[in-house]
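Numbered from 1 within each chain, the chains take letters A, B, ... in sequence-line order.
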Protein chains: 2
Amino acid sequence: MEISKDLIRGHTDTIILNILNQGDSYGYQVSKSIRQLSDQQYELNEATLYTAFRRLEKLGDIESYWGDETQGARRKYYRITSQGQQHLATALDEWRFAKKVISNLISGRIEL
Amino acid sequence: MEISKDLIRGHTDTIILNILNQGDSYGYQVSKSIRQLSDQQYELNEATLYTAFRRLEKLGDIESYWGDETQGARRKYYRITSQGQQHLATALDEWRFAKKVISNLISGRIEL
DNA sequence: ACAAACTACTATGCTTGTCAAAGTAATTTG
DNA sequence: CAAATTACTTTGACAAGCATAGTAGTTTGT
């Protein structure tokens with residue numbers, strides 16, 4: 001079973017915030033976390049991921065800093081801000097609500 | 001609580017198929033059914049609705065015919081096809097699956 | 001030693017679903 | 001008789017996500 005891209009759309013930012021909320025991380029690792037959290041069911045496109053990082057940083061939900069790797073490739077780390085944590089909490093509430101509404105819409109019976 | 005547009009994205013076709021699966025209908029009535037099924041929480045933009053009709057008809061999931069209203073404005077009715085019913089069933093399975101994956105992604109803990 | 005694979009980030013251009021806004025036209029209500 | 005409602009269509013724009021390609025350093029296998 002594969003998940004259509006449009007079903008994930010709108011969750012990308014929340015997914016990233018959830019991961020960063022558990023500790024600072026960088027692109028490649030976030031990508032692997034997503035694969036792991038979804039039991040190998042979902043993989044985020046690299047371009048989408050880095051686009052989201054830039055969007056979230058612009059919004060003030062995350063902050064970035066270059067790691068001081070003495071060996072290995074340079075890494076840009078991301079940290080969630082307190083505003084980002086608030087947005088994460090809001091998004092989770094919204095999801096719990098939307099889940100019910102969507103379920104009704106796609107499988108509920110109409111009474112007229 | 002309002003539902004972000006992106007959370008519904010990708011469900012529009014399924015919502016329409018679900019409604020038509022309960023009987024032929026036309027634009028305005030489908031629109032009202034959506035409002036009713038969502039407890040007034042969600043309203044689909046007209047342009048989006050009619051765009052979806054055209055998309056679904058092109059795909060062969062629905063068929064249309066003009067009603068023979070003797071009075072009242074002309075109405076274009078839509079009927080779900082058996083292919084549409086199959087796609088509806090598939091979409092419902094996909095949703096049940098996606099719901100779990102998304103929940104994990106936005107609130108699950110990472111174990112590394 | 002050298003190629004292949006992996007890590008890590010960036011940039012460009014396209015597709016697609018949805019929306020806002022405006023238009024057409026008939027009917028019903030106050 | 002104006003305003004609201006029913007009913008459908010068209011146009012243009014936007015934003016998320018994607019494919020693709022590029023840069024550059026590191027690790028692994030033979």
Quick one: is C:dA8 close enough that its OP1 or OP2 comes under 4.0 Å of any side-chain N or O from A:Tyr26?
->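 For C:dA8, OP1/OP2 do have a side-chain N/O of A:Tyr26 under 4.0 Å.
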Phosphate-side-chain proximity, A:Lys5 and C:dG17, N/O vs OP1/OP2 below 4.0 Å = no
Is there side-chain contact between A:Arg75 and A:Tyr28, with heavy atoms separated by less than 4.5 Å?
->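 Side-chain contact under 4.5 Å: no.
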Side chain of [X] only, please: which of [options] is the nearest?
X       : options                : value
A:Thr48 : D:dC18, C:dG17, C:dC19 : D:dC18
A:Tyr78 : C:dT10, C:dC19, D:dT10 : C:dT10
B:Ala47 : C:dG17, D:dA7, C:dA20  : C:dA20
B:Arg55 : C:dG17, D:dA16, C:dC19 : C:dG17
A:Tyr28 : C:dC9, C:dT7, D:dT9    : C:dT7

So which one's nearest nucleotide on DNA chain D is more toward 5', A:Glu46 or A:Gly10?
->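 Checking each residue's closest nucleotide, the 5'-ward one belongs to A:Gly10.
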Which comes earlier along DNA chain D counting from the 5' end, the contact point of A:Tyr42 or that of B:Lys32, where each point is its nearest nucleotide?
->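 Final value for this comparison: B:Lys32.
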To the nearest Å, how far apart are [X] [atom1] and [N] [atom2]?
X       : N      : atom1 : atom2 : result
B:Gln29 : D:dC8  : CD    : C1'   : 15 Å
B:Glu57 : D:dC8  : CD    : C1'   : 14 Å
A:Phe53 : D:dA16 : CZ    : C1'   : 16 Å
A:Ile8  : D:dA15 : CD1   : C1'   : 18 Å
B:Asp13 : C:dT18 : CG    : C1'   : 12 Å
A:Leu49 : C:dT7  : CG    : C1'   : 14 Å
A:Leu44 : D:dG17 : CG    : P     : 8 Å
A:Ile16 : D:dG17 : CD1   : P     : 9 Å

Give the ring-plane orientation class for A:Trp95 versus A:His11, where under 30° counts as parallel, over 60° as perpendicular and anything between as tilted.
->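 Aromatic pair A:Trp95/A:His11 classed perpendicular.
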Parallel, tilted or perpendicular: ring planes of B:Tyr77 versus B:Tyr26, cut at 30 and 60 degrees = perpendicular
Within the modelled atom types, does a donor on one side and an acceptor on the other bring the side chain of B:Arg9 and the base of C:dG17 under 3.5 Å apart?
-> yes
Do the side chain of B:Arg75 and the base of D:dA7 come within less than 3.5 angstrom through a donor-acceptor pair of N or O atoms?
-> no
Can B:Leu59 be reached from B:Ile80 by stepping across I, L, V, M, F, W or Y side chains whose heavy atoms are under 4.5 Å apart?
->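 No; tracing contacts between hydrophobic side chains, which count when under 4.5 Å, never links both residues.
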For residues 40-48 of chain B, run the donor-acceptor check on the side chains, cut-off 3.5 Å, and write out each pair with its distance to 0.1 Å, sequence neighbours left out.
from	atom 1	to	atom 2	distance (Å)
B:Gln41	NE2	B:Asp39	O	3.2
B:Asn45	OD1	B:Ala47	N	2.8

Sugar-phosphate, base or nothing in reach of B:Thr12, heavy atoms under 4.0 Å |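 Sugar-phosphate contact only - B:Thr12 comes under 4.0 Å of backbone atoms but never of a base.
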